[in-house]
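First, the structure itself, so that you have it in front of you.
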Amino acid sequence: MSVPTQEVTATSRHYVDRLFDPDPQKVLQGVIDMKNAVIGNNKQKANLIVLGAVPRLLYLLQQSSSSLELRTECAVVLGSLAMGTENNIKSLVDCHIIPALLQGLLCPDLIFIEACLRCLRTVFVSPVTPVQLLYTDPTVIPHLMSLLSRSQRTQEYITQIFSHCCKTPEHQTVLFNHGAIQNIAPLLTSPSYKVRMQALKCFSVLAYENTQVSMTLVNVLVDGELLSQVFVRMMQRDQPIEMQLTAAKCLTYMCRAGAIRTDDSCIVLKTLPCLVRMCSKEHLLEERVEGAETLAYLMEPDIELQRIASTTDHLVAMLADYFKYPSSVSAITDIKRLDHDLKHAHELRQAAFKLYASLGSNDEDIRKKVIPTVHGVFFS
C-alpha cells in the first residue's frame with residue numbers, strides 16, 4: 001500500500017515545485033494542472049496542503065506582478081482545496097486566506113472578484129470558520145455591499161456569506177447599518193433562483209428576534225409591492241419547499257418581533273397553514289423538523305394562533321407520526337436512508353415536543369386534544 005501513497009506524494013511535490021519556477025508561464029500552467037488534479041480528489045488536496053501549496057498560492061494571488069489570469073487561477077485552486085475536508089478549511093484559515101481574498105476584492109476585474117468570492121463563500125459556510133473574521137476590518141461589509149450590483153454571481157456568493165455570518169445581534173446591526181435591507185431587497189425579484197433564495201435566507205437571519213430590522217422590513221417595497229406580500233408569494237405551493245419554508249420563517253420572525261400582528265391575514269391565512277403543511281409526512285424529515293420548530297415559535301405567545309393550529313389539517317394527529325422514526329428496519333432496504341432516519345429521529349421527536357408544548361401552553365381545550373395523542377404514542 002505504501003507505493004501508491006509515495007507516488008501520489010511525489011506527484012503532489014512536483015505540482016508544488018512548479019509554483020516556484022522562474023518562468024511565469026510555467027507557473028501559470030502549473031497552477032492550471034494543479035486545478036485539474038485536485039477536482040474531486042481529497043487525498044491530493046490534503047497532500048498539496050501538507051506540502052505547503054497554500055502559502056505559495058496566496059503569495060502569487062497577492063502579487064501585483066502576477067498576471068490577472070494567474071491570480072484568478074490561484075483563487076480557483078484555493079476554492080477547490082476549500083471544498084475538501086474541514087481540516088483543509090482549518091489549514092486555509094490558519095494561512096490567513098480570508099484577509100488575502102478580501103484584499104483581492106479591491107481589484108476591478110470581475111472574473112477575479114467572482115473567483116475570490118466563490119472561495120470566500122466556501123470557506124465561510126464551513127462550521128469551522130470563525131465568522132468574526134468577516135467583521136474584523138470595518139471596510140469589508142460596505143465594500144461587499146457595493147459589489148452586489150456587479151453580477152448574479154457576486155449577488156449569490158455575497159448574500160450566502162452574509163446569511164452564514166450573521167450569528168449575533170451585533171452582526172445584524174452591522175449589516176443593517178450598512179444598508180443590507182435596501183441592497184438585498186431588490187434581489188428577491190432576481191431571475192436567478194439561487195440569488196432569490198440566498199436573499200431570502202439573509203432576511204430570515206436579519207429579522208430573527210430583531211425588532212429594528214423587522215419594523216423596517218414591514219415598510220419595504222420591492223417593485224411597488226410590500227415585502228410581506230413578496231414573502232407570501234414565495235410561500236405558494238408551486239414554489240420549492242426550501243423557499244416556502246424560508247419565506248414562512250421571515251414572516252414568523254417579523255411577527256414575533258412585533259412588526260406584524262398575530263391576527264394579520266398573512267400570518268393566519270398564509271404563514272400558519274404553510275408551516276402546518278410542512279409537518280406532513282410527504283416532506284423530508286429535515287423539512288418537517290424545521291416546519292414544526294418554526295410553527296412552535298410562531299404561536300408560542302398567542303392563544304388564538306394555538307387554537308387555529310390545533311384545528312388545522314389534523315396537526316395534533318400528524319405530530320404522532322414524528323415518533324414513528326426510524327421506520328422498522330425490515331421496511332427499509334436502503335441503508336443510507338436508515339442512517340439518515342436514525343440521525344433525524346431525535347430531532348423529529350424534539351420538534352414534536354416543542355410543538356405540543358407550544359400548542360397546549362395556554363388553553364385547556366387544546367391540552368385535552370393533545371394529551372390523548374401523546375399518551376397514545378408512548379403507551380400504545
### side-chain contact (heavy atoms from CB on, under 4.5 Å) partner of V213, the single match among T173, V205, I181
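Result for side-chain contact (heavy atoms from CB on, under 4.5 Å) with V213: I181.
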### Query
Would you say the side chain of Y208 lies within less than 4.5 Å of the side chain of K249, judging by non-hydrogen atoms?
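Side-chain contact under 4.5 Å: no.
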Can you give each donor-acceptor pair under 3.5 Å made by side-chain atoms of residues 130-142, sequence neighbours left out, with the distance rounded to 0.1 Å?
residue: Q132; atom: OE1; partner: H171; partner atom: NE2; Å: 3.0
residue: Y135; atom: OH; partner: C165; partner atom: O; Å: 2.6
residue: T136; atom: OG1; partner: Q132; partner atom: O; Å: 3.3
residue: D137; atom: OD1; partner: T139; partner atom: N; Å: 2.9
residue: D137; atom: OD1; partner: T139; partner atom: OG1; Å: 2.8
residue: D137; atom: OD2; partner: T139; partner atom: OG1; Å: 3.2

### Query
Have Q29 and D33 got a donor and an acceptor in their side chains that come within less than 3.5 Å?
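A donor-acceptor contact under 3.5 Å links the two side chains.
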### Query
Would E242 and K201 count as a salt bridge (Lys or Arg N to Asp or Glu O under 4.0 Å) if you check the C-alpha gap in whole Å, the side-chain angles of each, and the deciding distance to 0.1 Å?
CA-CA 10 Å; E242 176 190 32; K201 283 182 178 174; 3.1 Å; yes
### Query
For the atom pair CG (D302) and CZ (R256), what is the distance rounded to the nearest 0.5 Å?
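Nearest 0.5 Å value for the CG-CZ distance: 9.5 Å.
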#### Entry: Donor-acceptor under 3.5 Å (S126 side chain, V123 main chain)
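Here the side-chain-to-backbone pair does not exist.
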### Query
Looking only at heavy atoms, which two atoms of I267 and R261 are closest? And how far apart?
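In terms of heavy atoms, the two residues are closest at CG1-O, 3.7 Å.
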### Task
May I have the step-by-step check of side chain to side chain donor-acceptor pair (under 3.5 Å) for E69 and S67, ending in yes or no?
CA-CA 5 Å; E69 189 182 1; S67 70; 5.3 Å; no
#### Entry: Heavy-atom pair of closest approach, residues Q172 and C166
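That closest heavy-atom pairing would be CG-SG, 3.5 Å.
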### Query
Roughly how far, to the nearest 0.5 Å, is the OG1 atom of T271 from the CE atom of M254?
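One finds 9.5 Å between CE of M254 and OG1 of T271.
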### Message
Quick check: is L175 connected to L147 through a chain of hydrophobic side chains (ILVMFWY, heavy atoms under 4.5 Å apart)?
### Response
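Cluster IDs for L147 and L175 match.
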#### Entry: Over all atoms of both residues, closest heavy-atom pair of A247 and M235
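Heavy atoms only, the tightest pair is CB-CG, 3.7 Å.
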### Query
When rounded to the nearest 0.5 angstrom, what distance separates OG1 in T252 from CZ in F231?
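Answer for the OG1-CZ pair, T252 versus F231, is 11.5 Å.
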### Query
M243 and R196: side-chain contact (heavy atoms from CB on, under 4.5 Å), yes or no, with the steps?
CA-CA 9 Å; M243 181 167 274; R196 292 198 305 279; 4.0 Å; yes
### Message
Run the side-chain contact (heavy atoms from CB on, under 4.5 Å) test on R121 and H164 for me, step by step, so that the C-alpha distance in whole Å, both residues' side-chain angles and the decisive distance to 0.1 Å come before the verdict.
### Response
CA-CA 9 Å; R121 181 270 311 266; H164 274 272; over 6 Å; no
### Query
Would one find more than 12 heavy atoms of other residues, nucleotides or ligands at under 6.0 Å from atom CD of Q25?
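Check fails, neighbour count at 12 or below.
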### T122 side chain to A82 backbone, donor-acceptor under 3.5 Å
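A pair under 3.5 Å: no.
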### Side chain proximity check, K90 to N87, heavy atoms < 4.5 angstrom
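In short, these two side chains touch, coming nearer than 4.5 Å.
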### Task
Could you state whether V232 and L221 fall into the same hydrophobic cluster, counting links through intermediate Ile, Leu, Val, Met, Phe, Trp or Tyr residues with side-chain heavy atoms under 4.5 angstrom apart?
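No, V232 does not connect to L221 through the hydrophobic network.
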#### Entry: R153/E156 ion pair, N-O < 4.0 Å
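A salt bridge is absent here (no side-chain N lies under 4.0 Å from a carboxylate O).
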### Task
Answer yes or no: is there a side-chain heavy-atom contact under 4.5 Å between M145 and F162?
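A side-chain contact exists here, since the closest heavy-atom pair is under 4.5 Å.
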### Task
Could you tell me whether H143 atom NE2 has more than 12 heavy atoms of other residues or ligands within 6.0 Å of it?
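Yes, because the 6.0 Å sphere around NE2 of H143 holds more than 12 heavy atoms from other groups.
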#### Entry: Electrostatic pair K35-E73, nearest N-O below 4.0 angstrom
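Yes, K35 and E73 are salt-bridged.
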### Minimum side-chain heavy-atom gap L245-E287 below 4.5 Å
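Yes, close enough: below the 4.5 Å cut-off.
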### Message
Donor-acceptor pair, distance only, cut-off 3.5 Å: does the side chain of H178 make one with the backbone of V174?
### Response
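A pair under 3.5 Å: yes.
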#### Entry: Flag, side chain of T294 to backbone of G291, donor-acceptor distance under 3.5 Å
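Between the backbone of G291 and the side chain of T294 there is no qualifying donor-acceptor contact (under 3.5 Å).
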### Query
Are I260 and Y253 joined in one hydrophobic group, where the rule is that I, L, V, M, F, W and Y side chains link up if heavy atoms are under 4.5 Å apart?
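Different clusters.
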### Contact check, side chains of Q244 and M278, non-hydrogen atoms, under 4.5 Å
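A side-chain contact under 4.5 Å exists here.
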### Query
How about Y59: does its OH atom have over 12 heavy atoms from other parts shown lying under 6.0 Å from it?
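No, not enclosed.
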### Message
Before you tell me yes or no, could you show the steps for Y297 and E209 under side-chain contact (heavy atoms from CB on, under 4.5 Å), namely the whole-Å CA-CA distance, both residues' side-chain angles and the distance that decides it to 0.1 Å?
### Response
CA-CA 11 Å; Y297 183 69; E209 295 193 341; 3.2 Å; yes
### Task
Could you tell me whether the side chain of L227 reaches within less than 4.5 Å of the side chain of N219, counting heavy atoms only?
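Contact flag for N219/L227 side chains = no.
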#### Entry: Path from V222 to M215 over hydrophobic side-chain contacts below 4.5 Å
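Not linked; separate clusters.
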### Message
Count I, L, V, M, F, W, Y as connected when their side-chain heavy atoms are under 4.5 Å apart, and connections chain through other members. Are V93 and V128 then in the same cluster?
### Response
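Hydrophobic grouping puts V93 with V128.
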### Query
Under a 4.5 Å cut-off applied to non-hydrogen side-chain atoms, are V220 and L226 in contact?
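V220 vs L226: side chains apart.
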#### Entry: Residue pair N88 / S91, side-chain donor-acceptor N/O under 3.5 Å
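Checked: N88/S91 side chains show no N/O donor-acceptor pair below 3.5 Å.
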#### Entry: Non-hydrogen atoms of C74 and L60 that approach each other most closely
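That would be SG-CB, 3.8 Å.
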#### Entry: Straight-line distance of F203 CZ to T159 OG1, nearest 0.5 Å
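OG1 of T159 is found 10.0 Å from CZ of F203.
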### Message
What I'd like to find out is whether the side chain of L272 reaches to under 4.5 Å of the side chain of V268, using heavy atoms alone.
### Response
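With C-beta onward as the side chain, the pair stays apart.
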List, one per line, each side-chain donor-acceptor pair under 3.5 Å for residues 99-119, sequence neighbours excluded.
residue: D109; atom: OD2; partner: I111; partner atom: N; Å: 3.3
residue: D109; atom: OD2; partner: F112; partner atom: N; Å: 3.0
residue: E114; atom: OE2; partner: S151; partner atom: OG; Å: 2.7
residue: R118; atom: NE; partner: Y157; partner atom: OH; Å: 3.0

### Message
If you apply the rule side-chain contact (heavy atoms from CB on, under 4.5 Å), what do you find for N42 with K45, and how did you get there?
### Response
CA-CA 5 Å; N42 277 349; K45 289 175 187 179; 3.7 Å; yes
### Electrostatic pair E300-K354, nearest N-O below 4.0 angstrom
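No salt bridge links E300 with K354.
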### Message
Looking at every heavy atom in both S214 and A257, which two are closest together, and how far apart are they?
### Response
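Closest approach of S214 to A257, heavy atoms only: OG-CB, 3.4 Å.
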### Task
Output yes when a side-chain donor or acceptor of Q155 lies under 3.5 Å from a complementary backbone atom of L148, and no otherwise.
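Between the backbone of L148 and the side chain of Q155 there is a qualifying donor-acceptor contact (under 3.5 Å).
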### Task
Mind checking the CE-CD1 spacing from M83 to I89? Nearest 0.5 Å is all I need.
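Taking CE in M83 and CD1 in I89, the distance rounds to 9.0 Å.
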### Query
Can you name the closest pair of heavy atoms from L188 and A199 and give their distance?
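The pair with the smallest heavy-atom distance is CD2-CB, 4.0 Å.
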### Query
Can you name the side-chain contact (heavy atoms from CB on, under 4.5 Å) partners of C95, sequence neighbours left out?
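Listed in chain order: V54, P55, L58.
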### Task
Any chance you could measure L298, atom CG, to C255, atom SG, to the nearest 0.5 Å?
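Separation between the atoms: 5.5 Å.
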### Task
Ignoring hydrogens and angles, tell me if any N or O in the side chain of R288 forms a donor-acceptor pair with the backbone of H283 under 3.5 Å.
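No, the answer is negative, given that no donor and acceptor are paired below the 3.5 Å cut-off.
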